[in-house]
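Worksheet for the structure shown next.
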Amino acid sequence: MNASSSASNETATNDFDLEYQIGRLIFSYVLFVPTIIGILFNPLVVYIYSQKTFEMISATFYLKVLAIADLTINIQSLIPIAIITLDAQLVSRASTICKLVYFFSYLNGAICSWLEVCVSLDRCLSVTWLGMSTRLNNRTLKRTVLIALLLYNLALYSLVLHYYDSMGGVSCRSASATFAEVIGWYDMVSAMLLPFFIMLCCSILTIRSLVKHRQAIELTTVQSSNGASVKTSNHHLSINRSQQMSIRQQQQQKSKREREFQFSLISISMNVLFLLLLVPICVYFIYSSYVYMNPSSSFLFHSLTILIGSFNYSFKFFIFYFINTKFRSELYKIRLFNWFLRE
């Protein structure tokens with residue numbers, strides 16, 4: 001969601017205000033850590049998933065675009081960090097910068113959410129219908145989906161450019177209280193609740209299909225081993241060539257299913273991370289739209305929710321690393337990474 005938006009309500013000018021100073025500390029230093037991690041590791045995700053090893057897996061296209069969108073949010077997060085750290089009052093008062101920061105915060109957050117939906121849908125369809133993975137790997141289809149997502153969210157959040165304006169200091173608020181409430185609720189539903197509901201349904205169907213397929217493979221393997229008559233000739237045993245081919249096909253199918261399982265597990269892990277880390281941001285924006293908060297308190301809570309949400313855009317690399325064996329294999333091929341491990 002709005003992981004890099006300027007702090008709202010933080011107009012406190014008392015340098016001795018503890019809440020304001022804590023919020024300033026979070027924005028100036030703590031938020032810098034996940035931001036830099038995302039800037040360093042998201043390009044690595046793009047590079048690894050661009051390798052030929054993953055070219056036949058349609059979900060990797062959306063994962064690459066998602067890593068680019070996450071990287072954009074990480075870079076954008078440096079803007080409020082710079083404003084808070086450098087006390088760039090003249091810059092922060094600029095209406096154009098204020099509008100653009102909020103616009104791209106909403107836009108990038110929503111695009112990231114729906115890209116995760118694309119990954120979940122892709123995994124669900126690929127696992128449920130065996131012949132669907134080839135169709136989903138169509139370049140035209142993937143680009144059409146991406147363009148549609150971009151145009152839809154551009155049209156929706158362009159209203160932010162009209163209604164939001166600088167309110168002095170580092171705050172940026174909607175000129176219309178009604179619009180602030182509406183965009184807060186809509187952003188929560190459209191960019192978090194609805195995507196998560198779709199991802200949850202896809203995850204349940206995916207797990208169900210994987211369990212069924214795995215049981216079917218195990219049953220086929222047992223039947224094949226029990227029914228495989230090892231023919232005895234006069235002096236020796238010989239395994240039928242068709243049986244060898246059948247065993248080889250079963251091994252390939254098992255390897256494919258294992259890969260599908262890993263990518264499905266990645267999708268499910270991303271869904272859980274998505275819910276846990278983005279709920280606080282939504283709650284804060286909805287709550288602050290209805291209840292007046294002391295500017296310093298608002299700044300503190302805003303800083304904390306932004307910090308929590310920033311992990312959603314910075315730590316997907318570690319999900320890929322610990323779950324996907326091929327991802328690790330491609331990572332180990334990078335000389336710099338191998339040198340780092342040896343050291």
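Positions are given from 1, in the same order as the sequence printed here.
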Tell me if the aromatic rings of Y157 and F103 count as close, with their centers under 6.0 Å from one another. no
Backbone N or O of Y47 within a donor-acceptor pair of the Q51 side chain at under 3.5 Å? yes
Taking atom types as modelled, find out whether S298 and Y284 have a side-chain donor-acceptor pair closer than 3.5 angstrom. yes
Side chains of E116 and N271: do they bring a donor and an acceptor to under 3.5 Å? no
Keeping the roles fixed (side chain from S120, backbone from S267), state whether a donor-acceptor pair exists under 3.5 Å. no
Transitive ILVMFWY side-chain link Y152 to I111, under 4.5 Å: yes
Would the distance check show the side chain of S314 and the main-chain N or O of P34 forming a donor-acceptor pair, the cut-off being under 3.5 Å? yes
So does S190 get a backbone contact from the side chain of W114, meaning a donor-acceptor N/O pair under 3.5 Å? yes
Parallel, tilted or perpendicular: rings of Y332 and Y321 (30°, 60°): perpendicular
Taking the six-membered ring for Trp, are the ring centroids of F61 and Y49 within less than 6.0 Å of each other? no
So, does N74 use its side chain to make a donor-acceptor pair with the main chain of A69 at under 3.5 Å? no
Check for a donor-acceptor pair, side chain of S113 on one end and backbone N or O of A191 on the other, with a separation under 3.5 Å. yes
What is the ring orientation for F318 with F315, classed by angle as parallel under 30°, tilted 30 to 60°, or perpendicular over 60°? tilted
Decide whether I68 and I75 are clustered together by the hydrophobic rule: side chain heavy atoms of Ile, Leu, Val, Met, Phe, Trp, Tyr closer than 4.5 Å, transitively. no
For the residue pair D122 and S58, confirm or rule out a side-chain donor-acceptor distance under 3.5 Å. yes
Which Ile, Leu, Val, Met, Phe, Trp or Tyr residues join V272 in one cluster when any pair of side-chain heavy atoms under 4.5 Å counts as a link? L276
Side-chain donor-acceptor pairs under 3.5 Å in residues 139-149, sequence neighbours left out?
{"residue": "K142", "atom": "NZ", "partner": "N137", "partner atom": "OD1", "Å": "3.1"}
{"residue": "T144", "atom": "OG1", "partner": "T140", "partner atom": "O", "Å": "2.7"}

Looking only at heavy atoms, the pair that brings A67 and V45 closest together is CB-CG1, 3.9 Å
Assign the ring pair F274 / F196 to parallel, tilted or perpendicular, where the plane angle (0 to 90°) is split at 30° and 60°. parallel
Can you confirm whether F197 sits close enough to L193 that some side-chain heavy atom of one is under 4.5 Å from a side-chain heavy atom of the other? no
Mark yes or no for whether N324, through its side chain, and F320, through its backbone, hold a donor-acceptor pair below 3.5 Å. no
